[in-house]
Amino acid sequence: MTNKLSVFIVEDDENDCKALVAEVNANSDKLCLAGVSKSSNEAFAFIRTHTPHAVILDLELQEGSGDGMDLLDKLRSVHICPKPYIVVNTNSASKITRSSAKKMGADYEFAKWQKGYSPKMVIEQLLRVMPAIMGYEEDAPALLTEQQLENKMRDFVHSEFNKLGVSVKNSGYNYLVDAVILAAKGENQNLGKIIGERVDKSDNCITHAMQYAINHTWNHADINNLRNYYTAPLRKDKYAPTTYEFILFYKQKLLSYLNN
């Protein structure tokens with residue numbers, strides 16, 4: 001077991017936070033602290049770009065900012081690969097609130113008011129499920145099937161687009177994902193036509209939607225994310241890359257990922 005489970009803590013209670021950090025550090029052979037925040041917005045930005053393996057989330061951020069339920073809602077609205085394992089801590093005794101948290105993506109839940117609760121219990125839970133989170137297997141993994149390879153490529157492109165800030169609400173988002181995968185498979189021409197035939201739309205409609213998604217990203221995404229994650233050079237006379245340039249950049253990233 002060479003990799004450590006990265007843990008991100010969203011907690012506004014100073015004592016609880018210190019205790020959780022101490023428990024993570026006490027298991028430094030298996031766990032590492034990805035970061036700490038008491039702001040749901042700050043946590044969302046961090047999780048999107050750094051993709052920690054696990055998140056310990058306090059639902060009531062009364063001394064911080066935002067709300068744990070809001071963070072769960074935001075996380076399920078974007079593609080994060082791999083999705084973090086989320087342990088919820090709550091002072092709420094409401095069954096509706098706790099049930100809603102699980103429906104919104106929480107994997108496990110601790111009530112702080114329950115008898116015997118301690119931060120150590122939370123960390124012990126993470127250690128129990130760590131092999132499943134990390135994907136450890138006793139036997140050597142078999143060769144990927146064609147569908148598994150397709151899923152692996154799609155997860156990677158989703159993750160890269162998510163870091164950049166490409167909005168999943170734009171229809172061009174999924175077209176761009178398909179185009180990058182097709183390009184990586186060797187299809188470098190007529191991508192709009194190929195995708196259009198799949199969804200019963202014209203070539204022009206597909207290419208226009210893809211370029212719109214790119215332009216929207218450059219107009220609305222965090223400028224630091226654009227600089228950090230889209231490193232291909234841009235001509236001085238233009239702002240956003242063309243559809244072809246964008247697809248080619250992510251095609252190369254995908255191929256490098258698969259070759260490694």
Side-chain angles (χ1 to χ4, degrees), residues 2-3 6 8 34-35 44-53 75 77-84 133-135 141 143-196 198-199 203 206-236 238-260:
T2 58
N3 295 327
S6 59
F8 185 70
F44 177 62
F46 183 93
I47 294 167
R48 284 187 66 179
T49 55
H50 294 84
T51 58
H53 296 117
L75 289 175
S77 71
V78 295
H79 292 286
I80 299 179
C81 300
K83 176 185 176 296
I133 296 174
M134 301 293 285
L143 292 176
L144 296 178
T145 65
E146 184 175 346
Q147 185 59 54
Q148 288 172 328
L149 178 59
E150 173 87 13
N151 292 340
K152 182 177 181 179
M153 290 192 290
R154 195 166 296 277
D155 285 346
F156 175 79
V157 179
H158 279 315
S159 178
E160 290 298 309
F161 282 9
N162 189 52
K163 292 176 183 177
L164 192 66
V166 185
S167 175
V168 297
K169 295 179 180 179
N170 291 323
S171 60
Y173 177 97
N174 287 321
Y175 302 154
L176 283 169
V177 173
D178 289 341
V180 171
I181 293 173
L182 285 169
K185 290 180 177 180
E187 293 284 357
N188 293 305
Q189 296 181 346
N190 303 319
L191 295 176
K193 181 180 179 181
I194 295 172
I195 297 170
R198 292 179 177 177
V199 297
D203 181 351
I206 298 299
T207 54
H208 176 78
M210 289 193 290
Q211 188 63 55
Y212 177 84
I214 295 168
N215 293 344
H216 184 274
T217 301
W218 257 254
N219 287 330
H220 295 87
D222 188 310
I223 188 64
N224 292 320
N225 286 347
L226 296 178
R227 290 171 177 167
N228 290 335
Y229 298 113
Y230 191 86
T231 55
L234 296 172
R235 293 195 303 270
K236 293 182 180 180
K238 68 186 181 65
Y239 186 50
T242 65
T243 301
Y244 176 77
E245 291 168 335
F246 186 87
I247 293 170
L248 181 62
F249 175 74
Y250 281 103
K251 166 193 172 182
Q252 295 302 326
K253 292 200 76 171
L254 177 56
L255 289 175
S256 294
Y257 166 71
L258 294 175
N259 289 333
N260 291 331

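Quick note: numbers below take in every heavy atom, side chains included, and nothing from hydrogens, waters or symmetry partners.
F246 and Y230 have parallel rings, their planes meeting at less than 30° on a 0 to 90° scale where 60° marks the start of perpendicular.
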Would K193 and E187 satisfy salt bridge (Lys or Arg N to Asp or Glu O under 4.0 Å), going step by step from the backbone distance to the final call? CA-CA 11 Å; K193 181 180 179 181; E187 293 284 357; over 6 Å; no

Could you go through the side chain to side chain contact (heavy atoms under 4.5 Å, CB included) check for L164 and W218 one step at a time? CA-CA 9 Å; L164 192 66; W218 257 254; 4.1 Å; yes

Give the C-alpha distance, both sets of side-chain angles, the deciding distance and a yes or no for side chain to side chain contact (heavy atoms under 4.5 Å, CB included) between R48 and N225. CA-CA 11 Å; R48 284 187 66 179; N225 286 347; over 6 Å; no

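Atoms CD and CE, from E150 and M153 in turn, are 5.0 Å apart once rounded to the nearest 0.5 Å. Distance check: E245 CD to I247 CD1 gives 11.0 Å after rounding to the nearest 0.5 Å. In this structure, NE2 in H220 is found 11.0 Å from CG in N215, a value given to the nearest 0.5 Å. For the atom pair L258 CG and L149 CG, the distance stands at 6.0 Å (nearest 0.5 Å). Between K185 atom NZ and I181 atom CD1 the span is 6.5 Å, to the nearest 0.5 Å. For the atom pair NZ of K251 and CG of L182, the computed distance is 11.5 Å after rounding to the nearest 0.5 Å.
Among residues two or more places apart in sequence or in another chain, the side chain to side chain donor-acceptor pair (under 3.5 Å) test is passed with N228 by none. For Y175, there are no ring-ring contact (aromatic ring centres under 6.0 Å, His included) partners, not counting sequence neighbours.
Residues G192 and D203 approach most closely at CA-OD1, 3.5 Å, considering heavy atoms. Residues M210 and A179 share a closest heavy-atom pair of SD-CB, 4.0 Å. Residue I47 comes nearest to P84 through the heavy atom pair CG2-CG, 4.1 Å, listed as atom of the first residue, atom of the second, then distance.
Remark: the backbone N or O of K163 is not paired with any side-chain donor or acceptor of T49 at under 3.5 angstrom. Checked by atom type and distance alone, the side chain of D222 pairs as donor or acceptor with a backbone atom of N224 at under 3.5 Å.
Residues H216 and Y173 are not in side-chain contact: their nearest non-hydrogen atoms beyond the backbone lie 4.5 Å or more apart. Side-chain contact check for I206 versus V199: some heavy-atom pair is nearer than 4.5 Å. Proximity of T207 to T243: side-chain heavy atoms (C-beta onward) are nowhere separated by under 4.5 Å. Between N170 and L176 the shortest side-chain heavy-atom distance does not fall below 4.5 Å. Taking the side chain as every heavy atom from C-beta outward, L226 and T217 approach each other to under 4.5 Å.
Shown are F249, Y250, Y229; of these, the ring pair (Phe, Tyr, Trp, His ring centres under 6.0 Å) with F161 is made only by Y250. Results of the side-chain contact (heavy atoms from CB on, under 4.5 Å) test with F156 over H158, K152, R154, E160 single out E160 as the only residue that passes.
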